[in-house]
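Start at 1 and go down the list; that is how both ligands and their atoms are numbered. Along the sequence shown, the residues carry numbers beginning at 1.
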Amino acid sequence: MSLVVYIITTLIILVLIVGLYQKSTNAICTSRKRLDGKTVIVTGGTTGIGLETAMDFAERGARVIIACPFQSEGDNALKLITEKTENKHVVFKLLDLSSLASIRKFTADIIDTEKRLDVLINNAGIGFANKPVTEDGMGFMMQVNYFGPFLLTLLLLPLLNKTGTISEPARIVNVSSVLHNFGFINLDKINVTKYWLPMFGFWYQVQIYSNSKLCSMLFAHKLSKKLRGNIVVNCVDPGYVGTRIFGDWGRILGPVMIALALLFFKTPWYGAQTTIYATLDREAGKVSGQMFKNCQLSRAKRSAYDDETAQKLWNKSISLVGLSSEELEQCFQ
Ligand SMILES: NC(=O)c1ccc[n+]([C@@H]2O[C@H](COP(=O)([O-])OP(=O)(O)OC[C@H]3O[C@@H](n4cnc5c(N)ncnc54)[C@H](OP(=O)(O)O)[C@@H]3O)[C@@H](O)[C@H]2O)c1
Ligand SMILES: *[C@@H]1O[C@H](CO)[C@@H](O)[C@H](O)[C@H]1NC(C)=O
Ligand SMILES: *[C@@H]1O[C@H](CO)[C@@H](O)[C@H](O)[C@H]1NC(C)=O
Ligand SMILES: *[C@@H]1O[C@H](CO)[C@@H](O)[C@H](O)[C@H]1NC(C)=O
Ligand SMILES: *[C@@H]1O[C@H](CO)[C@@H](O)[C@H](O)[C@H]1NC(C)=O
């Protein structure tokens, strides 16, 4: 019991410090750009940061596609966005990033039915996995946060490529995290699924979360070199944001963290600002493979720009998500 009190006290102090820091980093995106006639996908645009991001794009007139694994969540979010923005072009589609089959179904549907795709926001992510392994045999959190979006992005490249021009590039924006700073890449262990140690499980998951966010940045770096200027790909660090992402931290820590996060962290609206900035700002459209933070160009950890690691991770990711070389070629045509 005293251990729990100790942990909670430590958390409160940490959260207070972080919260105070947040007050000085609440930059907002001031762009007035409209998005009429443009199509945007926000993965996980149903709650938290993603919902605020989708809401903003809908207000600007975009056709917004939100996607998550639960129909009811999607229906609720759709209703919320449509009522608030009166935008009739918002749709919800099922997408479960923990299933490669679901990702393929989703992207095939998009490629078949959408004429254009201007923006892809890889926002969906989890901070804690309740299951160790996905149906595809990969570590659950790694697949939802990294391998899934990896496949999704590659399969959508042809449509993004068709839509983007040099003067107005299509944009891919990934929601990364400060925690990428704690990430490290060990390719032999990138697919480990045995982290079900009860005592250390929690910290292990925080580590995997950090690793997954570092992978996103390495991917952006690598992908940016393969693209030509009509598609830019960048990451954003939203800061610390009060959302449900902290809710899965267990029966005691979960509610405590949610309460603290809601009290002291950024609101999801503020949390969405840097994503919106990276999507709309003219200058932000001129850089690729970079990290934005607090509505400004920032820098990820040094190892996030390591070409060799990026190449190895790329190869490993291709084989884990099961992309054949013909398919890969098609992604880049
Ligand atoms: N909150 C922070 O402090 C913070 C800090 C840095 C980075 N981030 C990142 O910001 C992003 C959004 O997080 P948030 O804080 O807004 O969390 P959130 O409120 O928990 O939202 C996460 C979203 O991802 C969706 N999602 C979860 N599992 C999915 C799956 N298997 N397939 C497809 N979609 C799935 C969720 O859909 P359902 O609602 O249907 O589950 C939800 O819409 C994440 O990538 C997170 O890592 C957050
Ligand atoms: C984000 O990461 C996913 C893989 O995690 C990748 O598919 C996507 O292109 C990345 N985008 C950026 C901007 O890093
Ligand atoms: C990655 O894969 C490509 C093509 O399959 C191969 O030519 C290259 O040597 C591989 N690189 C690494 C670092 O494994
Ligand atoms: C790694 O992922 C593949 C799926 O591509 C799976 O078949 C394999 O069992 C996984 N390996 C481990 C050690 O979990
Ligand atoms: C984009 O399309 C052009 C022209 O069709 C093609 O040459 C190029 O390889 C494509 N790039 C990507 C990243 O798909």
Closest non-hydrogen atom pair between T134 and Q143, with its separation
OG1-OE1, 2.6 Å
With backbone taken as N, CA, C and O and side chain as the heavy atoms from C-beta onward, which portion of L227 lies under 4.0 Å from ligand 5: side chain, backbone, both, or neither?
side chain
Check: of G239, G242, G125, min heavy-atom distance to atom 22 (C) of ligand 1 comes from G125
Using a 4.0 Å heavy-atom threshold (strictly under), name the region of P238 that reaches ligand 1: side chain, backbone, both or neither.
side chain
For the pair R244 and E73, find out whether any cationic side-chain nitrogen is under 4.0 Å from an anionic carboxylate oxygen.
yes
Heavy atom of P158, distance to ligand 5 below 4.0 Å:
no
What protein heavy atom is closest to atom 6 (C) of ligand 5, reported as residue, atom name and distance in Å?
R228 NH1, 3.9 Å
Numbered atoms of ligand 3 (with element) below 4.0 Å of N315, judged on heavy atoms:
1 (C), 2 (O), 3 (C), 8 (C), 10 (C), 11 (N), 12 (C), 14 (O)
Any atoms of ligand 1 less than 4.0 Å from a non-hydrogen atom of Y240? List them with their elements.
3 (O)
Just checking, is any N or O donor in the side chain of D96 or S102 under 3.5 Å from an acceptor N or O on the other one?
no
Could you go through the side-chain contact (heavy atoms from CB on, under 4.5 Å) check for I81 and I66 one step at a time?
CA-CA 10 Å; I81 299 175; I66 55 175; 4.2 Å; yes
So, 4.0 Å and heavy atoms of K213: is ligand 1 close enough to count as a contact?
yes
What protein heavy atom is closest to atom 12 (C) of ligand 1, reported as residue, atom name and distance in Å?
N123 OD1, 3.2 Å
If only atom types and distance count, is the side chain of K222 paired as donor or acceptor with the main-chain N or O of G289 below 3.5 Å?
no
Please list the nearest protein heavy atom to atom 38 (P) of ligand 1 with its residue and the distance rounded to 0.1 Å.
E73 OE1, 3.9 Å
The protein heavy atom nearest to atom 31 (N) of ligand 1 is D96 OD1, 2.9 Å
Determine, for K266 against E52, whether the closest basic-nitrogen to carboxylate-oxygen distance falls under 4.0 angstrom.
no
Mark yes or no for whether R116, through its side chain, and L160, through its backbone, hold a donor-acceptor pair below 3.5 Å.
no
Under 4.0 Å from atom 14 (O) of ligand 3, is there any protein heavy atom?
yes
Which residue supplies the protein heavy atom nearest to atom 1 (N) of ligand 1, what is that atom called, and how far is it?
V241 O, 3.0 Å
L95 heavy atoms within 4.0 Å reach ligand 1 at atoms 32 (N), 33 (C)
Quick check for you: to the nearest 0.5 Å, what is the distance between L51 atom CG and L78 atom CG?
11.0 Å
Ligand 1 and I49, any nitrogen or oxygen pair closer than 3.5 angstrom?
yes
Where ligand 3 meets K312 - atom numbers and elements under 4.0 angstrom, heavy-atom basis
13 (C)
Nearest non-hydrogen partners of D237 and M291, listed with the distance
N-SD, 3.9 Å
Nearest protein heavy-atom contact for atom 40 (O) of ligand 1: which residue, which atom, what distance?
C68 SG, 3.0 Å
For ligand 1, is there an atom lying under 4.0 Å from some heavy atom of I126?
yes
Heavy atom of the protein closest to atom 14 (P) of ligand 1 (residue, atom name, distance)
T243 OG1, 3.4 Å
Any chance the side chains of Q311 and D307 put a donor and an acceptor closer than 3.5 Å?
no
Is there a side-chain hydrogen bond (donor to acceptor under 3.5 Å, both in side chains) between N211 and Q207? Walk through the geometry before answering.
CA-CA 6 Å; N211 296 352; Q207 184 63 57; 2.9 Å; yes
Atom 41 (O) of ligand 1 - nearest protein heavy atom and its distance:
F70 CE1, 3.8 Å
Tell me whether Y209 reaches ligand 1 (any heavy atom closer than 4.0 angstrom to a ligand atom).
yes
Any idea which heavy atoms bring C295 and C29 closest together, and the distance?
SG-N, 3.8 Å
Can you find a protein heavy atom under 4.0 Å from atom 4 (C) of ligand 5?
no
In the protein, which heavy atom is nearest to atom 10 (O) of ligand 1, and how far is it?
V175 CG1, 3.2 Å
So if I count the atoms of ligand 5 from 1 in the order they appear, which ones are less than 4.0 Å from some heavy atom of C331?
14 (O)
Give the residue and atom name of whichever protein heavy atom lies nearest to atom 1 (C) of ligand 5, and the separation in Å to one decimal.
N161 ND2, 1.5 Å
Minimum heavy-atom distance G271-P238, with the two atoms named
O-CB, 3.4 Å
Would you say ligand 1 has an N or O under 3.5 Å from any N or O of G45?
no
Would you mind checking which non-hydrogen protein atom is closest to atom 9 (O) of ligand 5, with the distance to 0.1 Å?
F332 O, 3.1 Å
Polar side chain donor-acceptor pair, N122 to S216, under 3.5 angstrom:
no
Between the side chains of D56 and R60, is the shortest nitrogen-to-carboxylate-oxygen separation below 4.0 Å, so that they form an ion pair?
yes
Taking only non-hydrogen atoms of S98 and a 4.0 Å limit, the atoms of ligand 1 in range are 31 (N)
Considering the heavy atoms of G48, write down every atom of ligand 1 situated less than 4.0 Å from one of them.
16 (O), 19 (O)
Quick one about H221 and D306 (side-chain donor to acceptor, distance below 3.5 Å, no hydrogens or angles considered), yes or no?
no
Indicate the ring-plane relationship of Y146 and F219, choosing parallel, tilted or perpendicular according to the 30° and 60° boundaries.
perpendicular
